[in-house]
Participant: 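One structure, as structure tokens, below. Some questions next.
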Amino acid sequence: MVSFVTEKKQNLNLLSRIASGDGHGENSSYFDGWKAYEENPFHPIDRPDGVIQMGLAENQLCGDVMRKWVLKHPEASICTEQGLNGFSDIAIFQDYHGLPEFRQAVAKFMEKTRNNRVKFDPDRIVMSGGATGAHETVAFCLANPGDGFLVPTPYYPGFDRDLRWRTGVNLVPVTCHSSDGFKITVEALEAAYEKARESNIPVKGLLMTNPSNPLGTTLDRECLKSLVKFTNEKKIHLIADEIYAATTFGQSEFISVAEVIEEIEDCNRDLIHIVYSLSKDMGLPGFRVGIVYSYNDRVVQIARKMSSFGLVSSQTQHLIAKMLSDEDFVDEFIRESKLRLAARHAELTTGLDGLGIGWLKAEAGLFLWMDLRNLLKTATFDSETELWRVIIHQVKLNVSPGGSFHCHEPGWFRVCFANMDHKTMETALERIRVFTSQLEEETKPMASTTMMAKKKKKCWQSNLRLSFNDKRRFDDGFFSPHSPVPPSPLVRAQT
């Protein structure tokens, strides 16, 4: 009788290596956290003890602004009475160049999110199915299986899927340190470059994310110049992921690589490529609008042909072209988004500060980089994983551990804050307060500060029992009783 395991192996042998392998990268605590949320999603009424999704980098804070525009402009959709006249023209086959008005609107929007300091040519706009498809397209254009891209750490776990799974490309980590805010240095780039060469991995490019996911930091002008010069000198490509360009707030400033190359004499622009999308800046991940913008003519030509495998629907192009061409709306949306992101960031960081929890100072993105190193039993990733399991299974918060972002220092966690309403954020902060309060209670008998720290690290590994029914929740003034974000019908984050 054939065993189940043997039968499973035989079935896998009928499939390709890609289909039967695990190269998708889902074997990660980052994706495990999503699975835990999907099995037990939080709902304030139906499932108040469920897992709160803080692992989804999605901007839902300005949904009301978006809905207001859609209601005001029914003609933007070919599926309404007001827009029906355009149905036949839009519904028929469209080639992979994309609608001209779509490319023009996206180019203008990219300029606006960069404070109109640069110009983008609509003829270089190549569309793709989200940033995921855009990254894979760029990887296919620039590298062969076995080649490598340098990627500063920590970096988005999805890159292991987007750039590696089907392309066979290697990602070579560039180690950055918390001691200097995880800045990218030429020394770190050189070290990673040499290590790749010693491992017989031909380096074809450097991929950098600006603003950073998961750090929420932005690269300054001098750093960007050093990256351009480094890649030019090595004759390798520079891929700039700028999908969080419009998520800066406070005193933070976003500078695009498109601006910097204008200031570098004899820059080889054939080596410069930008990945963009509307998922983060506009809060439209479901529309799957990804963009490849390359200064290399051949890359533009080939990427456009490859886009046949992941085009943006013409109906979506039509709607986006109408929306982004409304400059008053775009100005209002960007302005309001920055204000609400700043307010939500302040709400979360004020709560964390009051609980003595550290975080990396940054003012961009839809998340922050939380420092829980002092709660680790030992400075190891095994200890980080143990703490993460307590947080997700008992505290019931899906925060993503730094190890899944290839951070080389254990104890950091990414916390997303823009994918939920105000009440859910309050509940998340309350759960953190209950967790830390229990730690403090268990350390009170310890007189010595050193002994207290050791006890605090150990106590969360015991049979932790948390209660989220404390009715005194925000009476102490730790958390804001008011939210700048209007109530949303989305009472929990949707995956």
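No hydrogens, no waters, no symmetry mates; every other heavy atom, side chains included, goes into these values.
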Participant: Please list, chain by chain and in numerical order, all residues satisfying ring-ring contact (aromatic ring centres under 6.0 Å, His included) with Phe120, sequence neighbours excluded.
Facilitator: Tyr293

Participant: According to ring-ring contact (aromatic ring centres under 6.0 Å, His included), does anything in residues 192-247 pair up with another residue at least two apart or in another chain? List the pairs.
Facilitator: His237-His273, Tyr244-Phe367

Participant: Applying side chain to side chain donor-acceptor pair (under 3.5 Å) between Tyr155 and each of Asn213, Thr209, Asp160, report the one that passes.
Facilitator: Asp160

Participant: Test of understanding: with side-chain contact (heavy atoms from CB on, under 4.5 Å), list the residues that count as partners of Asn116, not counting sequence neighbours.
Facilitator: Glu111, Lys112

Participant: With a cut-off of 6.0 Å (strictly less than), are more than 12 heavy atoms of other residues, nucleotides or ligands near NZ of Lys108?
Facilitator: no

Participant: When you measure from the side chain of Ser16 to the backbone N and O of Ala19, does any donor-acceptor pair fall under 3.5 Å?
Facilitator: yes

Participant: Which residues pass the ring-ring contact (aromatic ring centres under 6.0 Å, His included) test with Phe109, sequence neighbours left out?
Facilitator: none

Participant: With sequence neighbours excluded, what pairs up with Phe405 under the ring-ring contact (aromatic ring centres under 6.0 Å, His included) test?
Facilitator: Tyr30, Trp369

Participant: Of all residues at least two apart in sequence or in a different chain, which pass the side-chain contact (heavy atoms from CB on, under 4.5 Å) check with His408?
Facilitator: Thr175, His177

Participant: Would you find a donor on one side and an acceptor on the other, under 3.5 Å apart, between the side chain of Lys204 and the backbone of Asn144?
Facilitator: no

Participant: Hey, does the side chain of Thr349 reach the backbone of Ala346 with a donor-acceptor pair shorter than 3.5 angstrom?
Facilitator: yes

Participant: Does the side chain of Ser337 come under 3.5 Å of the side chain of Asn59 through a donor N or O and an acceptor N or O?
Facilitator: yes

Participant: Would you mind listing every salt bridge (charged side-chain N to carboxylate O under 4.0 Å, His left out) that reaches into residues 166-187, with sequence neighbours excluded?
Facilitator: Glu136-Arg166

Participant: So, Arg431 side chain and Lys396 main chain: donor-acceptor pair closer than 3.5 Å or not?
Facilitator: yes

Participant: With sequence neighbours left out, write down each residue that passes side-chain hydrogen bond (donor to acceptor under 3.5 Å, both in side chains) with Arg103, or none if nothing qualifies.
Facilitator: Asp123

Participant: Is there a donor-acceptor contact under 3.5 Å from the side chain of Asn210 to the main chain of Leu219?
Facilitator: yes

Participant: Is there a donor-acceptor pair under 3.5 Å between the side chain of Ser199 and the backbone N or O of Ile201?
Facilitator: no

Participant: Holding to side-chain hydrogen bond (donor to acceptor under 3.5 Å, both in side chains), I want the full list of residues that pass it with Ser277, two or more places apart in sequence or in another chain.
Facilitator: none

Participant: Is the count of non-hydrogen atoms from other residues, nucleotides or ligands lying under 6.0 Å from Arg117 atom CZ greater than 12?
Facilitator: yes

Participant: Would you say the side-chain atoms of Asp421 and Thr424 include a donor-acceptor pair closer than 3.5 Å?
Facilitator: yes

Participant: Between the side chain of Ser308 and the main-chain N/O of Lys305, is any donor-acceptor distance below 3.5 Å?
Facilitator: yes

Participant: Report yes or no: does Arg373 contribute a side-chain atom to a donor-acceptor pair with the main-chain N or O of Gly411 at less than 3.5 Å?
Facilitator: no

Participant: Taking side-chain contact (heavy atoms from CB on, under 4.5 Å) as the definition, give me every residue that meets it alongside Ala245, ordered by chain and number, with sequence neighbours left out.
Facilitator: Thr113, Arg114, Phe254, Tyr276, Asp281

Participant: Under 3.5 Å, side chain of Glu363 to main-chain N/O of Gln251, donor-acceptor pair present?
Facilitator: yes

Participant: Got a sec, which residues hit side-chain contact (heavy atoms from CB on, under 4.5 Å) with Phe31, two or more places apart in sequence or on another chain?
Facilitator: Glu26, Ser28, Arg161

Participant: Provide the full list of ring-ring contact (aromatic ring centres under 6.0 Å, His included) pairs with a residue in residues 342-366, sequence neighbours left out, each pair given once.
Facilitator: Phe249-His345, His345-Trp359, His345-Phe417

Participant: Under 3.5 Å, is there a donor-acceptor pair between the side chain of Ser437 and the main chain of Val434?
Facilitator: no

Participant: Are there over 12 heavy-atom neighbours, none belonging to Gln301, within less than 6.0 Å of that residue's CD?
Facilitator: yes

